[in-house]
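In what follows, chains are A, B, ... by sequence order, proteins preceding strands, each numbered from 1.
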Amino acid sequence: MVRVRFAPSPTGLLHVGNVRIAILNYLFAKKNKGKFILRLDDTDQERSTKESENFILEDLKWLGIQWDEFYRQSENISKYEIAANRLKSCGRIYPCYETKEELSLKRKIQSTKMAPPIYDRAALSLTEQEAKKMEAAGRKPYWRFRLNDTQVMEWTDLVHGKISIPLSSISDPILIKPDGSFVYTLASVVDDIDMRITHIIRGDDHITNTAVQMDIFQAIFGKYPAFAHVPLLSSIDGIDVSKRYRSPLSIVNMRNDGVEPRALWCILATHGTANNKDPADNLETLMKKLSFEKMSLSSPKFNPEEIKLLTKKIIAEKSFDDVKADLEKLKLKNISQKFWDTIKGNLYSIKDVVFWEEILFDKIDIIKEDENFVNQMLKTLQNPMDFEQWIKDLSQISGRRGKNLFHPIRIVLTGLNNGPELIKVVGLLGYDGVKLRIENNLKA
RNA sequence: GUCCCCAUCGUCUAGAGGUCUAGGACAUCGCCCUUUCACGGCGACAACACGAGUUCGAAUCUCGUUGGGGACGCCA
């Protein structure tokens, strides 16, 4: 049974990068008829916030990602204690006393010496007396995992294929902080074992972590799950894809901007693959298309404009019934089937409805048109009006055809260069509306 | 600096030694359709980072260079 987890830390907002990983995990679980587990990695009590947690849950619900199981790391601390004790008893973790300043100094020296920036394990050779002295001086120990530094960690990554990293090139990771709290590196492994995770699907930025965590997996469990490291989205035009706060690419932002969740699914599930981004794709087709093996290995540049474009296409396909509920939320007065059918092809976001409601029912920016022509518009106007007839008459009297004929009408009636089909616009404005706008244009 | 990963049109990519005058999709531009916006149809533009090697033959294999991304936290 496939079991995967999405494990965000509630220290900021979800963004396209995060959510892409969530979607990939979800799709993989569904494809294999497995379980999708949501786990909030909130071991860092100082940074984790309830507010951020709420945003994450709402974002996932908005996307339609349903989790089969839910956990918080802050509720699993007793399990980490058991694991830590086991590691202590077999000597795989050891106490250290260096301060952050001392460590950063060591790193600086190593850097100038061109030596690898690795903890020198000085604490390992501390005598019991020296350790006691430290503690007497008020220093509290924190604990490092002793990596098996003779080993070269090797695994067959679902995306990359063979990856190998010598553990000798990595620092012994700190697992327990001086206050006794546990660091993600340990907590995550313990939970993944406890939750019987079969596949860890995460970003490329975790590759080094994986080497470390595999060693920890081995130490406490004897085996480890399969890994898929997905190349990170890279930015285009200097927009930081993974900025945690106030990112223009945060999901909260997109929700508020009226982005279609399905646009996000189509793009994020297929970006970095040979699959085309098709607005018609649903969960089923995306599931079928998913293949880690076929995923490209270089980090794809991500262009947020694509979201807008796909959103537009998806909205244009929607029926009035599909959007009724969304439209009601916007609290507009003039919502009707006719109105929707008129404007639906011109929306980049469902919120653009507000704009078109104003244009079609309220007021426009008047752009002065050729007075002679506008007078002809008024003269040929009949009540009750017949659009086709009106255009015919107007064409005859003015000698205009095609764009020359329609564009000025569009300008007079909407104040815009483009928009919905004019026959529909006129249908909504009615005789009085059309007449009023023509007169206003003459007055201006 | 140390370690890891990567390199084909503007963007996402196909391509596993000859079928590549390098294919598709999005974007852009043009034409057609519609006496208008859009949709749709057709078409155009546009790429193998560089240098050596291996080979009869290299986008494809090897090495190097350059360039990009990531990791190196008492974050996750």
Side-chain angles (χ1 to χ4, degrees), chain A residues 7-12 41-44 46-48 73 96 98-100 103-104 107-108 110-119 140 142-144 157 159-160 163-171 173-179 181-185 187-188 202-212 229 231-236 244 267 270-278 294-303 305-306 309-310 312-313 316-317 343-346 388 391-392 394-395 400-410 414 416-425:
Chain A
S9 66
T11 55
D41 282 7
D42 57 350
T43 50
D44 188 341
E46 286 185 15
R47 275 176 254 212
S48 298
Q73 290 200 317
C96 304
E98 292 95 338
T99 62
K100 289 180 189 178
L103 289 173
S104 98
R107 275 193 290 268
K108 235 175 236 168
Q110 285 167 327
S111 167
T112 58
K113 277 194 198 157
M114 290 194 200
I118 296 168
Y119 177 60
K140 282 194 176 156
Y142 54 91
W143 298 72
R144 283 185 193 264
D157 195 273
V159 177
H160 289 265
I163 297 183
S164 69
I165 298 177
L167 289 181
S168 57
S169 70
I170 310 175
S171 271
I174 292 170
L175 263 29
I176 308 172
K177 300 188 206 176
D179 65 3
S181 65
F182 299 95
V183 179
Y184 152 88
T185 316
S188 177
R202 45 170 29 166
D204 262 1
D205 53 338
H206 279 282
I207 286 179
T208 313
N209 252 328
T210 293
V212 170
H229 290 94
L232 256 23
L233 258 27
S234 78
S235 67
I236 197 164
R244 286 196 177 182
I267 290 171
T270 58
H271 201 60
T273 75
N275 295 314
N276 294 331
K277 295 164 186 77
D278 186 347
K294 285 187 181 166
M295 201 165 248
S296 159
L297 298 182
S298 55
S299 49
K301 288 198 185 71
F302 178 73
N303 187 180
E305 279 299 304
E306 286 190 24
L309 256 17
L310 256 202
K312 181 175 191 284
K313 286 181 183 170
E317 293 298 316
I343 61 164
K344 67 178 181 182
N346 295 74
E388 307 278 357
I391 294 299
K392 221 181 248 171
L394 197 47
S395 176
R400 293 180 185 234
R401 292 180 54 78
K403 199 167 189 157
N404 261 334
L405 172 65
F406 279 81
H407 191 250
I409 298 176
R410 183 178 290 285
T414 67
L416 298 166
N417 281 318
N418 43 33
E421 222 176 333
L422 271 181
I423 186 167
K424 289 181 179 165
V425 171

Can you tell me how far [atom1] in [N] sits from the matching atom in [M], rounded to whole Å?
N     : M     : atom1 : value
B:C33 : B:A14 : P     : 39 Å
B:A25 : B:U2  : C1'   : 41 Å
B:A46 : B:U36 : C1'   : 32 Å
B:A52 : B:A44 : P     : 35 Å

Within the 4.0 Å heavy-atom criterion, would you say [X] contacts the bases, only the backbone, or no part of the nucleic acid?
X      : answer
A:H271 : sugar-phosphate
A:K313 : sugar-phosphate
A:P300 : sugar-phosphate
A:S296 : sugar-phosphate
A:L232 : sugar-phosphate
A:G419 : base
A:S164 : sugar-phosphate
A:K100 : base
A:S181 : nothing
A:E388 : nothing
A:N418 : sugar-phosphate
A:N404 : nothing
A:K392 : base
A:T99  : base

Considering only heavy atoms from C-beta outward, does the side chain of [X] approach that of [Y] to under 4.5 Å?
X      : Y      : value
A:S9   : A:S48  : no
A:T210 : A:R202 : yes
A:P116 : A:S169 : no
A:R47  : A:D42  : no

Could you tell me whether the side chain of A:K113 and the main chain of A:K108 form a donor-acceptor pair under 3.5 Å?
no
Donor-acceptor pair, distance only, cut-off 3.5 Å: does the side chain of A:D179 make one with the backbone of A:S181?
yes
For [N], what is the paired nucleotide under Watson-Crick or G-U wobble rules, both distances under 3.5 Å?
N     : result
B:C56 : B:G18
B:C72 : B:G1
B:G30 : B:C42
B:U66 : B:A7

Any A:T43 side-chain N or O less than 4.0 Å from OP1/OP2 of B:A76:
yes
A:H206 on top of B:A71's base, within under 5.5 Å and under 30°?
no
Interatomic distance where [atom1] belongs to [X] and [atom2] belongs to [N] [whole Å]:
X      : N     : atom1 : atom2 : value
A:E421 : B:U36 : CD    : P     : 10 Å
A:N275 : B:C12 : CG    : C1'   : 10 Å
A:F406 : B:A38 : CZ    : C1'   : 14 Å
A:L167 : B:C4  : CG    : P     : 12 Å
A:K294 : B:G15 : NZ    : C1'   : 13 Å
A:N346 : B:C39 : CG    : C1'   : 11 Å
A:L297 : B:U8  : CG    : C1'   : 14 Å
A:M114 : B:G1  : CE    : P     : 8 Å

Between A:I207 and A:T270, just flag the one whose closest nucleotide in RNA chain B comes earlier from the 5' side.
A:I207
Closer to the 5' end of RNA chain B via nearest nucleotide, is it A:N417 or A:T185?
A:N417
Test A:H229 against A:D205 for side-chain hydrogen bond (donor to acceptor under 3.5 Å, both in side chains), laying out the working first.
CA-CA 8 Å; A:H229 290 94; A:D205 53 338; over 6 Å; no
So which nucleotide from [options] ends up closest to the side chain of [X]?
X      : options             : value
A:P116 : B:U36, B:U2, B:U35  : B:U2
A:H160 : B:A38, B:C5, B:G69  : B:C5
A:T208 : B:C75, B:A71, B:A76 : B:A71

Quick check for you: to the nearest 0.5 Å, what is the distance between A:I267 atom CD1 and A:K277 atom NZ?
7.0 Å
Does the B:A76 base have a donor-acceptor partner in the side chain of A:D205 within less than 3.5 Å?
no
